[in-house]
A.B. asks: 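Have a look at this one.
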Amino acid sequence: MTSFYRFALLGLPLAVAALLPPATAHAQTSPAATAPPLAGTGSLTGVVLDSLGGKPVPYATVVLLPPAPNDKAITGIAADDNGRFAFTKLPAGPARLRVSFVGYGSQTRAVVVTEGAVDVGAFRLPTAGTALGEALVIGTKPVVEVRPDRIVYNADQDVTNAGGTAADVLRKAPLLAVDGDGNVKMRGSGNFRVLVNNKPSPTLAQNLAEALKGIPAEQIQSVEIITTPPAKYDGEGTAGIINIVLKKGVDRGLNGRVSASGGNRNSNGNASLNFKKGKLGFTSSGGTGAWYGPSESDRTRLNKLDGSTLIQRGTGNFGGRWYYGTVGLDYDLSERQSLSLATSLNRYNGSGFNNLVNYVTATDGTRNQVFTRPTESLFSGFNGELTGTYTKTFAQARREWSVLGQYARNDGTFGYDFDEYRNSYVNLDTRLADKRERSRGRTPGSEVTFQTDLVQPFGDKQTLETGLKTIWRQTASVANVDALTLGQPNFERLRDRATDFSYDQNVQSAYATYTAKVGKKLNLSLGSRLERTALAADFRITDTGFEQSYYSLLPNGNAQYAFSDNNSVRLAYSRRITRPFIDYLNPFVDRSDPQNISFGNPELDPELTDSYELSFNTNGKAGSLNISGSVRRTDNAIEPIRKLAPELGITDAAPGATAQTFANVASNAFYQLNFYGSAKPAKGWDISGGPDVQYIVRRSPALGITRQGFTAGLNFNTSYKLPKKFTLQSFLYSSLPSPDLQGRGSANLYYSLGAKKTLLNDKADITLNLTNPFNNYWPYRNTLDTPFFEERQEFRQYQRAFRLSFSYRFGQEQQGKQRKSISNDDKKGGGSKQGG
């Protein structure tokens, strides 16, 4: 049977289900946990919320008790990942519900069970060690929560984030690491997806390192690390998904926040304003900021063929500015129907100056070379998104249907200007430059997405989730190069180095997930996603191109066994796909450094990864612990490869120059053991963290390379509450070098100290942060070893920094409902971008 008919047979029932009238269709949500059946006709439903922000408390323990003073439990369940719970088949009469979760205080409420359905409303849990008053809650959530399917870093509870950006936040999240260039890795891999409020941001996909600087830390509620995503998520991101949850609006009243910070590495100001009146809810936020600092780098390359040595030393500075704004509207059409619109704008631009001194020493002295090259690089990015959602719920618990649509525009620019002075150790007058070159390029792009999801419960213990989705994605790269040599009057356009490339990527997908509770302790989930990808490329300068399409079947499943309310073991499997995006595909040849040329490969194939994970979770009054072992295997892996320039088709490069591109040349395996826990050694003192150990094997028959070895990392976070509303906090992340395909990556060290004082009747905070106070910079050292050359490179990231921040909150602060969102987590970036 052909792939087309297999797709049709799976997609047909999903399509029929999606087109059912609202009386039988509903949206994708996690099913509320349901208690074991008892003898009776009554039922109790409700939701567990965090009293500070009104967010759901997933997996909270809900126990049904007889009337006081009898505390012997009748039955109990865990809430679902939206904090919802449901008891069914209960006998009529008085009872009590007791709700609790690690890191929170418990709450008990008297209820009366009738012969019909009773909604007991919301249980708002206070954080541990705090009191819940009539209108005011004083306390904090745990900085890190270990849940059965993810680890959650509550960034709003970490005082060292004040005045920072999303990049600062991701540095501190478990299982993540950020290097000196801003490249993010998840469990040692750059192949993952980043979502914002469960939806994609094309800006993040295009250039993660720069775009993260444009999201202020004050807007981030939490960061969720999902290592084995279910079928409802797009198939992209072989290491998993990072979901950045931004702070949302309120249920009633007018509230907002203003803040500002300044320091020697960055500064920013941002604000938010929200209200809820009747059926209409409004949320908004906006801000602007800047980053700046010095840069230094060294490179030494030995050419094994002719014995020549290249030494490069670069010094300079970098800087940029970002702008950020969001507006959201929610409107309740009726009790069970709602509409929402959300729009966001994100723009950044910056530049970097690097003064490069280049030495070449050859065995033949006549080939010795020296020149200086001051280079200014320019870049910018813009992302605008508009998302609309219609949601309908039903009288039957857990039934919901939704339709979502999104339009996104994502454009970027890049360029450089350099002057080259040969046989000189210093820069001269511009008129004496032996060569001048300038380049400008742009990468326009757009996405249109349509998605429909539904959940159909079957009784109290079974649920079927299905959905359809399509993405129409267009991107391109247009660039020109102008050059001027000594003696020429004007710049001339270099036609043979221009790029005019367009790339269309359309993805249609269908998924189904079946979940069931087997007995009282075992939960099973089985699902699969079928995706069809159609590609079309057009090289307008050479009047060539190609078209292709392929199908991908991506199964997944997990089983969770609960030994008790606080201890469980989970086994999970998933297959995920990686599709290259513009930064990997862009054929533009970047020659801003003549000795280190780079370009993309538009003929890359996708890669598939199989992941297996076994984890143990335990929660108690003293804290929580997660121990997980995982294996990830990727065939046909996309890897950056570096060779001498003529080997990659660059025949006019300088002697000894290298070129880098991307290719499907490796098979990678990651064997990983991770420990992560949290504890409260004393009143007011919280600690969390743990080590991560990996054994990595990279094989490339095409290059004749096998590299393997261990690497490890450590993440540690601690905070302590002092009298008079002072809080101290510190963070540490360190990692060992890791084996790369053609060399070895760098080690990492990053630490910070913070102190916060709350004042003005708990409405304001003033925070002082110090980053890497005991060393001015951290040297990121990389090595490269090929049959033709070996290279050592060092980039010095100046991380010693201070930042003073002030924030003020006004009005009522109560969390609003969560919007449905689109998750286009299906593509891979490149270079210093996401997935780099």
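Just so it is clear, the values below take in all heavy atoms, side chains as well, and ignore hydrogens, waters and symmetry mates. Residues: numbered from 1 along the sequence shown.
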A.B. asks: Any idea which heavy atoms bring Leu553 and Ser528 closest together, and the distance?
C.D. replies: CD1-OG, 3.3 Å

A.B. asks: Would you check if Asp635 and Leu608 make a side-chain contact, meaning some heavy-atom pair closer than 4.5 Å?
C.D. replies: no

A.B. asks: Verify, without hydrogens or angle tests, whether Asn664 (side chain) and Asn636 (backbone) share a donor-acceptor contact under 3.5 angstrom.
C.D. replies: yes

A.B. asks: Report the distance from atom CD1 of Ile638 to atom CZ of Phe662, rounding to the nearest 0.5 Å.
C.D. replies: 9.0 Å

A.B. asks: Nearest 0.5 Å, please: how far is CG in Asp330 from OG1 in Thr283?
C.D. replies: 7.0 Å

A.B. asks: Give the intermediate values and the outcome of side-chain contact (heavy atoms from CB on, under 4.5 Å) for residues Gln660 and Ile597.
C.D. replies: CA-CA 6 Å; Gln660 176 176 292; Ile597 299 168; over 6 Å; no

A.B. asks: Verify side-chain contact (heavy atoms from CB on, under 4.5 Å) between Val223 and Leu170, making sure each step is shown before the conclusion.
C.D. replies: CA-CA 8 Å; Val223 177; Leu170 291 190; 3.9 Å; yes

A.B. asks: Contact between Thr578 and Pro606 at the side-chain level, heavy atoms closer than 4.5 Å - yes or no?
C.D. replies: no

A.B. asks: Who pairs with Tyr750 by ring pair (Phe, Tyr, Trp, His ring centres under 6.0 Å), at least two apart in sequence or on another chain?
C.D. replies: none

A.B. asks: Under the criterion side-chain hydrogen bond (donor to acceptor under 3.5 Å, both in side chains), I'd like the reasoning laid out for Ser509 against Arg529: C-alpha separation, chi angles, the key distance, then a yes or no.
C.D. replies: CA-CA 7 Å; Ser509 57; Arg529 188 178 188 94; 3.0 Å; yes

A.B. asks: Ion pair present between Asp740 and Arg642, side-chain N to carboxylate O less than 4.0 angstrom?
C.D. replies: no

A.B. asks: Mind checking what makes side-chain contact (heavy atoms from CB on, under 4.5 Å) contact with Asn480, not counting sequence neighbours?
C.D. replies: Arg493, Ala498

A.B. asks: Checking side-chain polar atoms at under 3.5 Å, does Thr413 have a donor or acceptor matched by the opposite partner on Ser380?
C.D. replies: yes

A.B. asks: Quick check for you: to the nearest 0.5 Å, what is the distance between Leu535 atom CG and Asp504 atom CG?
C.D. replies: 9.5 Å

A.B. asks: Without hydrogens or angle criteria, can the side chains of Tyr780 and Asn748 be said to hold a donor-acceptor pair below 3.5 Å?
C.D. replies: yes

A.B. asks: If I take atom CZ from residue Phe318 and atom OG from residue Ser351, how far apart are they, to the nearest 0.5 angstrom?
C.D. replies: 11.0 Å

A.B. asks: Any sub-3.5 Å donor-acceptor pair from Thr326's side-chain atoms to Ser344's backbone N or O?
C.D. replies: no

A.B. asks: Ignoring hydrogens and geometry, is there a side-chain-to-backbone donor-acceptor pair from Thr452 to Ser402 under 3.5 Å?
C.D. replies: yes

A.B. asks: I'd like to know if the side chain of Thr443 pairs up with that of Ser477 as donor and acceptor (distance under 3.5 Å, no hydrogens or angles considered).
C.D. replies: no

A.B. asks: Measure the shortest side-chain to side-chain distance between Ile641 and Val665 over non-hydrogen atoms and say whether it is less than 4.5 angstrom.
C.D. replies: yes

A.B. asks: Looking only at atom types and distance, does a side-chain atom of Ser439 sit under 3.5 Å from a main-chain N or O of Tyr416, one as donor and one as acceptor?
C.D. replies: no

A.B. asks: Between atom CZ of Arg473 and atom CD of Gln505, what is the distance when rounded to the nearest 0.5 Å?
C.D. replies: 5.0 Å

A.B. asks: Under the rule for side-chain contact (heavy atoms from CB on, under 4.5 Å), what residues qualify as partners of Ser377, not counting sequence neighbours?
C.D. replies: none

A.B. asks: Does the cation-pi check pass for Arg540 over Phe501, that is, NZ or CZ under 6.0 Å from the six-membered ring centre and within 45° of its axis?
C.D. replies: no

A.B. asks: With sequence neighbours excluded, what pairs up with Tyr798 under the ring pair (Phe, Tyr, Trp, His ring centres under 6.0 Å) test?
C.D. replies: Tyr777

A.B. asks: Can you confirm whether the side chains of Glu639 and Asn668 place a donor and an acceptor under 3.5 Å from each other?
C.D. replies: yes

A.B. asks: Counting distance only, does the side-chain N/O of Thr449 pair as donor-acceptor with the main-chain N or O of Ile471 below 3.5 Å?
C.D. replies: no

A.B. asks: I'd like to check the side-chain contact (heavy atoms from CB on, under 4.5 Å) partners of Leu273; sequence neighbours left out, ordered by chain and number.
C.D. replies: Leu254, Ser284, Phe810

A.B. asks: Show the nearest heavy-atom pair for residues Asn601 and Ala663, with the distance to one decimal.
C.D. replies: ND2-CA, 4.4 Å

A.B. asks: Please examine the side chains of Thr470 and Val507, heavy atoms only from C-beta on, and report whether any two atoms are closer than 4.5 Å.
C.D. replies: no

A.B. asks: Check the surroundings of atom CD in Gln548: do more than 12 heavy atoms from other residues, nucleotides or ligands lie under 6.0 Å from it?
C.D. replies: yes

A.B. asks: Just checking, any donor-acceptor pair under 3.5 angstrom between side chains of Gln451 and Asp453?
C.D. replies: yes

A.B. asks: Please name all residues satisfying side-chain contact (heavy atoms from CB on, under 4.5 Å) with Asn270, sequence neighbours left out, ordered by chain then number.
C.D. replies: Pro216, Glu218, Gln219, Ser259, Asn268

A.B. asks: Any side-chain heavy-atom pair from Arg257 and Ser807 closer than 4.5 angstrom?
C.D. replies: yes

A.B. asks: Of the non-hydrogen atoms in Ala155 and Val169, which two are nearest, and what is the gap between them?
C.D. replies: CB-CG1, 3.7 Å

A.B. asks: Tell me whether Arg347 forms a cation-pi arrangement with Tyr323, defined as NZ or CZ under 6.0 Å from the six-membered ring centre and within 45 degrees of its axis.
C.D. replies: no

A.B. asks: Should Val481 and Phe588 count as side-chain neighbours, where that means a heavy-atom distance under 4.5 Å?
C.D. replies: yes

A.B. asks: Any side-chain to backbone donor/acceptor pair from Asp411 onto Gly445? Under 3.5 Å, distance only.
C.D. replies: yes

A.B. asks: Determine the minimum heavy-atom distance between Arg591 and Phe418, stating which atoms define it.
C.D. replies: O-CE2, 4.1 Å

A.B. asks: Assess whether side-chain contact (heavy atoms from CB on, under 4.5 Å) is satisfied between Asn383 and Tyr324, documenting all intermediate values.
C.D. replies: CA-CA 10 Å; Asn383 168 231; Tyr324 174 78; over 6 Å; no

A.B. asks: Can you give me the closest heavy-atom contact between Arg265 and Ala801, atom names plus distance?
C.D. replies: CG-CB, 3.5 Å

A.B. asks: Strictly distance-based, threshold 3.5 Å: is any side-chain N or O of Asn154 a donor or acceptor partner for the main-chain N or O of Asp156?
C.D. replies: no

A.B. asks: Do Ser261 and Arg803 have side-chain N/O donor and acceptor atoms under 3.5 Å apart?
C.D. replies: no

A.B. asks: Is the Phe382-Tyr348 ring centre distance short of 6.0 angstrom?
C.D. replies: no

A.B. asks: Evaluate the side-chain hydrogen bond (donor to acceptor under 3.5 Å, both in side chains) criterion for residues Thr513 and Glu465: first the C-alpha distance (whole Å), next the side-chain angles of each, then the deciding distance (0.1 Å), finally the verdict.
C.D. replies: CA-CA 5 Å; Thr513 300; Glu465 299 181 55; 5.7 Å; no

A.B. asks: Under 4.0 Å between a side-chain nitrogen and a carboxylate oxygen: does that hold for Glu437 and Arg497?
C.D. replies: yes

A.B. asks: Mind listing the closest non-hydrogen atom pair of Gly384 and Leu345 along with its distance?
C.D. replies: CA-CD2, 3.8 Å

A.B. asks: Quick one: do Arg576 and Glu607 make a salt bridge, cutoff under 4.0 Å?
C.D. replies: no

A.B. asks: Would a distance-only check, ignoring hydrogens and angles, find a side-chain to backbone donor-acceptor pair under 3.5 Å from Arg575 to Ser552?
C.D. replies: no

A.B. asks: Any chance you could lay out the side-chain contact (heavy atoms from CB on, under 4.5 Å) test for Arg632 and Thr634, step after step, and finish with the verdict?
C.D. replies: CA-CA 7 Å; Arg632 297 196 319 276; Thr634 303; 5.5 Å; no

A.B. asks: Below 4.5 Å, heavy atoms only, C-beta onward: do Leu280 and Phe282 meet side chain to side chain?
C.D. replies: no

A.B. asks: According to the interplanar angle, ranging from 0 to 90°, do the rings of Tyr503 and Phe546 count as parallel (below 30°), tilted (30 to 60°) or perpendicular (above 60°)?
C.D. replies: perpendicular

A.B. asks: For the atom pair CD1 (Ile242) and OH (Tyr153), what is the distance rounded to the nearest 0.5 Å?
C.D. replies: 13.5 Å

A.B. asks: Hey, does Phe539 have a side-chain heavy atom less than 4.5 Å from the side chain of Pro602?
C.D. replies: yes

